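So the structure is just underneath, and the comments pick up after that.
For ligands, and for the atoms within them, numbers begin at 1 and follow the listed sequence. These numbers come from a predicted model, not from an experiment.
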Amino acid sequence: MRRFYVNPQSISENLAILSPDESRHIVTVLRLQAGAAIELFDGTGFVYQGIILSTSPGPITVELRSRTNEHHDDARRRLFLFQSLLKGKKMDFLVQKATELGVHSFRPVLSRYSENHGNLPRQADRWQRIMLEACKQCKRASPMIIKPFTPFSDIDVSAFAQPLVLWEKEESTGLDAAMISHEGPLALFIGPEGGFPDNEISALLAMNFKPVSLGARILRAETAALSAIAILQFLTGSLSPVRP
Ligand code: SAH
């Protein structure tokens with residue numbers, strides 16, 4: 001059953017009013033009719049099963065028939081991603097893949113070698129749309145939190161027992177060893193296309209980051225990020241077919 005986003009404030013009793021974007025998608029793209037059964041997720045972990053009441057011009061009204069609680073998205077160890085800003089569409093790609101793979105929060109970091117000089121507020125709006133679309137497509141009930149752009153100097157990982165940073169010069173510690181040595185939420189930091197200069201690596205070590213390697217080959221940042229996210233999410237059980 002197709003799933004659409006509804007703002008929790010647009011739900012009252014057993015009725016939900018959809019946004020103009022979602023209404024347009026339903027009527028003009030999908031051509032669904034009144035009476036069609038759809039699902040709505042409100043971003044707080046609840047999923048509603050409902051029936052379209054009418055498709056007349058304007059926001060679509062949905063009669064809600066039932067509600068399920070899909071908070072399990074977060075039942076596993078949460079993964080907090082810190083990603084140095086990448087050029088062009090690579091960040092769009094990573095926002096979409098991180099959402100699909102269950103990353104809890106995505107923090108874009110402005111590190112020294114970040115070369116993305118695009119319009120940051122416009123990128124943030126686009127990423128929010130990409131994330132919600134990915135939630136709809138993969139049936140993720142709780143959206144990924146996209147944090148504000150963060151200068152490297154403002155990074156704070158004091159809440160994490162053992163934050164991890166992907167570093168191509170690390171020669172002994174792999175991902176599995178690094179993340180098993182502690183419990184609690186995971187923080188993973190990936191550098192920009194140009195990597196981390198020595199002073200940034202030194203600063204990360206001073207912040208208790210543990211460098212981890214993905215092997216001897218130098219991966220593109222988006223390859224390293226996608227691979228590490230998938231490996232960590234597998235190791236924490238987030239890709240398990242068994243619900244917690
Ligand atoms: N400085 C490198 C390029 C950096 S690759 C060079 O040009 O030689 C971009 C980012 O991907 C790095 O900052 C790192 O976070 C990650 N990365 C790439 N290959 C990696 C590897 N083999 N192990 C760990 N991290 C890697």
For ligand 1, which atoms sit closer than 4.0 Å to a heavy atom of Ile190?
15 (O)
Would Gly191 count as a polar contact of ligand 1, with the cut-off being nitrogen or oxygen pairs under 3.5 Å?
yes
Is a side-chain donor-acceptor pair under 3.5 Å present for Asp21 with Ser19?
no
In this structure, atom 4 (C) of ligand 1 is nearest to the protein heavy atom Glu193 O, 3.5 Å
Taking only heavy atoms of Gly195 into account, list the atoms of ligand 1 that are under 4.0 Å away from them.
1 (N), 4 (C), 13 (O)
Shortest protein heavy-atom distance from atom 19 (N) of ligand 1, along with the residue and atom involved:
Leu219 N, 2.9 Å
Taking the six-membered ring for Trp, are Trp127 and Phe149 ring centroids under 6.0 Å apart?
yes
A side-chain contact here means heavy atoms from C-beta on lying under 4.5 Å apart; do Phe196 and Ser84 qualify?
yes
Among Ala224, Ala228, Ser213, which one puts a heavy atom closest to atom 17 (N) of ligand 1?
Ala224
Is there a donor-acceptor contact under 3.5 Å linking the side chains of Arg65 and Asn14?
no
Considering non-hydrogen atoms of the protein only, which is the closest contact for atom 9 (C) of ligand 1, and what is the distance?
Pro192 O, 3.1 Å
Pairwise side-chain contact, Leu101 with Leu239, heavy-atom cut-off 4.5 Å (strictly under):
yes
Less than 4.5 Å apart, any side-chain heavy atom of Gln49 and any of Ser66?
yes
For ligand 1, which atoms have a heavy atom of Val212 less than 4.0 angstrom away?
24 (C)
Return a yes/no value for Ile218: is any of its N or O atoms, backbone included, closer than 3.5 angstrom to an N or O of ligand 1?
no
If you measure every N/O of Leu214 against every N/O of ligand 1, is any gap under 3.5 Å?
yes
So is Thr223 in contact with ligand 1, going by heavy-atom distances below 4.0 Å?
no
Residue and atom name of the nearest protein heavy atom (relative to atom 15 (O) of ligand 1), distance in Å to one decimal:
Leu166 O, 2.7 Å
Can you find a non-hydrogen atom of Gly194 under 4.0 Å from ligand 1?
yes
Taking the six-membered ring for Trp, are Phe209 and Phe189 parallel (under 30°), tilted (30 to 60°) or perpendicular (over 60°)?
tilted
When you check the gap from the basic side-chain N to the acidic O, do Arg217 and Glu168 get nearer than 4.0 Å?
no
Check: Phe80 and Val103 side chains under 4.5 Å, non-hydrogen atoms:
no
Check Phe189 against ligand 1 and report side chain, backbone, both or neither, counting heavy atoms closer than 4.0 Å.
neither
If we check salt bridge (charged side-chain N to carboxylate O under 4.0 Å, His left out) with Glu39, which of these qualifies: Arg2, Arg67, Lys139?
Lys139
Purely on distance, is any nitrogen or oxygen of Phe196 under 3.5 Å from one on ligand 1?
no
Tell me whether Arg217 has any N or O atom under 3.5 angstrom from an N or O of ligand 1.
yes
Which is closest to atom 21 (C) of ligand 1 in terms of heavy atoms, Glu170, Arg220, Glu168?
Glu168
Is atom 7 (O) of ligand 1 less than 4.0 angstrom from at least one protein heavy atom?
no
Donor + acceptor pair across side chains of Ser172, Glu170 (<3.5 Å):
yes
